[in-house]
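Down below is the structure, laid out as structure tokens.
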Amino acid sequence: MSDEQELGITESKQYNTGEWYAEVVQKAGLANYGPEGMSGFIVTRPRGYALWESIQNYLDGEFKKTGVQNAYFPLFIPESYLEREKDIVEGFDPEVAWVTHGGHEELEERLAVRPTSESIIAPYMARWVRSHRDLPLRVNQWASVVRWEATETKPFFRTKEFLWQEGHTAHETRDGAWDETMTRLSQYQSLYEDVLAIPVLRGAKPEHDKFPGADTTTTVEALMPDGKSVQAGTSHYLGTSFAEAFDLTYTTEDEDEEPAHTTSWGLSWRSLGALIMTHSDDQGLVLPPTIAPEQVVIVPIWQADTQEKVLDYAEDIAEDLEDAGVRVELDARDERNPGFKFNEWELKGVPVRFEIGPNEVDDDVVTAVHRPDGESVELDRENIAEAVQEQFDEVYAKLYAAAEENLEENVREATSRNEILGTIGQHGGYVKAPWCGDEDCEDEIKDQIAAEIVMVPLNDEDAEIHDDEDCAVCGDDAEETAYFAKSY
């Protein structure tokens with residue numbers, strides 16, 4: 001049976017989250033699993049790709065406002081390039097896919113299918129930079145990467161190949177590179193909070209979990225309704241290690257040669273997984289108007305003697321909305337009844353539905369229905385394009401408020417190992433706890449309950465540790481605050 005033939009979602013988000021998620025992804029027409037024998041890969045359908053394009057367009061515009069230019073680098077990276085930065089090799093080696101033959105000929109040097117692109121981008125940045133006048137240099141590429149993880153496929157969350165952007169910059173000073181790192185982190189936060197209606201926490205990864213070769217890895221983390229955290233986007237200050245490995249140097253005003261301070265930053269289609277998981281429900285996909293491929297669907301309701309006037313009225317409204325830049329779909333299919341159409345468009349996540357029957361035509365109004373709560377409101381036909389924007393704002397506010405409530409209710413504090421284990425085991429969510437900074441303390445929690453430190457807060461009151469605080473796990477002096485959680 002095809003995805004379209006069976007509209008209803010049969011699994012429960014609350015009780016069978018994994019199965020429910022997979023069903024929503026397929027039945028809402030976002031993706032299919034890859035061919036037999038290729039576990040870990042998915043086929044992204046046009047509707048799913050349209051969501052990714054919306055994210056891409058938003059971020060691309062924000063990047064370019066701050067001097068970023070797009071480029072493209074090869075999919076394959078020579079092994080010798082990877083080996084020039086040993087931390088990259090060690091960090092990604094278990095996940096690297098290798099090309100050993102071209103046609104029937106064995107290659108003289110293995111080629112890695114890029115797991116990330118620092119090792120191919122940095123050498124070319126080194127060619128482009130000579131003087132301090134060439135800095136800062138900012139490039140970004142939209143591409144796919146391959147990481148051969150042996151995990152169960154979860155579309156958009158866990159796949160061997162995934163789409164992302166990766167930006168790379170070079171700067172004269174640490175301060176310039178750090179400001180860049182935080183600028184990109186703020187742009188990721190804005191994407192989630194202003195486009196996807198998902199509030200996030202921002203912090204840094206612990207030392208043992210930072211990007212291989214980085215000085216500091218910063219992250220935005222999003223809490224899902226099942227209590228797990230999603231690493232929603234990362235921005236890395238790389239220091240000078242990559243510049244030194246790849247001879248990325250510049251000549252100062254005093255004619256001294258110095259290594260550049262570099263950054264890298266990336267966001268993947270995991271953002272789509274977070275979007276689907278956060279807002280959708282047992283009726284199907286739920287999308288905020290900011291990203292929905294169709295912001296409004298118009299469903300005309302007629303009898304034989306009213307069909308013409310209802311359709312004429314509906315077409316005029318659709319035209320007005322299109323002229324105002326609203327993404328609108330007029331569903332005038334004769335072979336489907338209104339109830340079927342309601343269910344189908346709810347499944348596909350359209351945020352606002354216009355119902356138009358003879359009564360609406362006579363009264364010069366439309367009935368607008370919100371997704372997901374089903375609230376209906378009567379709108380005057382006059383200035384309908386302005387009125388629908390208010391409905392978009394209301395729908396967005398509802399989605400954001402629900403996600404914000406989930407986050408606020410699921411950040412808890414603990415001062416002992418048993419409190420961390422018990423709180424995550426019972427409630428999920430984030431547990432804030434004082435931490436000594438030793439990886440062994442994280443391992444103890446991870447071994448017991450598969451939770452880890454997803455971030456430590458950046459410099460604000462949330463990160464403050466008092467002199468009398470001890471590590472919640474081992475009892476030694478605490479050095480910082482850690483957020484423990486299970487994660488995708």
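Bear in mind that the values here come from a model prediction, so they are computed numbers and not experimental data.
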Q | salt bridge (Lys or Arg N to Asp or Glu O under 4.0 Å) assessment of R158 paired with E149 | A | CA-CA 8 Å; R158 289 289 180 187; E149 296 183 271; 2.9 Å; yes
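- In this structure, E444 pairs ionically with R417, as a charged nitrogen and a carboxylate oxygen lie closer than 4.0 Å.
- Using the six-membered ring where Trp is involved, F157 and Y488 have ring planes that are parallel, under 30° apart on the 30 and 60° scheme.
- Within the 3.5 Å criterion, the main-chain N or O of T181 finds a donor-acceptor partner in the side chain of S235.
- Side-chain contact annotation: S190 with E62, donor-acceptor N/O pair under 3.5 Å absent.
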Q.
One pair to check against ring-ring contact (aromatic ring centres under 6.0 Å, His included): W164 and Y188. What are the steps and the verdict?
A. CA-CA 13 Å; W164 76 346; Y188 294 155; over 10 Å; no
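- A292 is linked by a side-chain contact (heavy atoms from CB on, under 4.5 Å) to L287, P351, counting only residues two or more places apart in sequence or in another chain.
- At a cut-off of 3.5 Å, with distance as the only test, a side-chain donor of R202 or S186 sits close to an acceptor on the other residue.
- At a threshold of 4.0 Å, the pair E161-R147 does not count as salt-bridged, since none of the basic side-chain nitrogens sits closer than that to a carboxylate oxygen.
- In this structure, Y49 and L30 have side chains that are not in contact, with every pair of non-hydrogen atoms separated by 4.5 Å or more.
- Checking R138 against N140 by side-chain atom types alone, no donor-acceptor pair falls below 3.5 Å.
- In this structure, a donor-acceptor pair under 3.5 Å is present between the side chains of D331 and W345.
- The side chain to side chain donor-acceptor pair (under 3.5 Å) check on H370 picks up Q391, K398, with sequence neighbours excluded.
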**Q.** Worked verdict on H132 versus Y250 for ring-ring contact (aromatic ring centres under 6.0 Å, His included)
**A.** CA-CA 6 Å; H132 65 91; Y250 68 96; 7.4 Å; no
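- Inspection of the Q231 and S487 side chains reveals no N or O donor paired with an N or O acceptor under 3.5 Å.
- In this structure, a donor-acceptor pair under 3.5 Å is absent between the side chains of Q56 and Q165.
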Q | Verdict with supporting geometry, F162 and S268, side chain to side chain contact (heavy atoms under 4.5 Å, CB included) | A | CA-CA 7 Å; F162 55 89; S268 78; 3.8 Å; yes
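- Among all heavy-atom pairs drawn from A403 and A197, the shortest one is CB-O, 3.8 Å.
- Proximity of the aromatic rings of W269 and F156 is defined here by a centroid distance below 6.0 angstrom, and this criterion is met.
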Q: Might you work through the side chain to side chain donor-acceptor pair (under 3.5 Å) test for T240 and R174, ending with a clear yes or no?
A: CA-CA 9 Å; T240 59; R174 182 196 187 282; over 6 Å; no
Let me have the donor-acceptor pairs involving side chains of residues 258-267, under 3.5 Å, with sequence neighbours excluded, atom names and distances please.
residue: H261; atom: ND1; partner: Y237; partner atom: OH; Å: 2.8
residue: T263; atom: OG1; partner: T169; partner atom: OG1; Å: 2.4
residue: T263; atom: OG1; partner: W265; partner atom: NE1; Å: 3.2
residue: S264; atom: OG; partner: E118; partner atom: OE2; Å: 2.8

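- No option in V286, I9, D281 other than I9 meets the side chain to side chain contact (heavy atoms under 4.5 Å, CB included) test with V24.
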Q: Dump the intermediate steps for salt bridge (Lys or Arg N to Asp or Glu O under 4.0 Å) on E294 and R327, then the final yes or no.
A: CA-CA 5 Å; E294 306 91 1; R327 298 186 293 276; over 6 Å; no
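- Across all their heavy atoms, P155 and V25 have their closest contact at CB-CG1, 4.0 Å.
- E409 and H427 share no side-chain donor-acceptor pair at under 3.5 Å.
- Side-chain N/O atoms of T219 and E221 include a donor and acceptor closer than 3.5 Å.
- Residues E419 and T423 bring no donor and acceptor atom of their side chains to less than 3.5 Å of each other.
- Side-chain N/O atoms of S229 and Y430 include a donor and acceptor closer than 3.5 Å.
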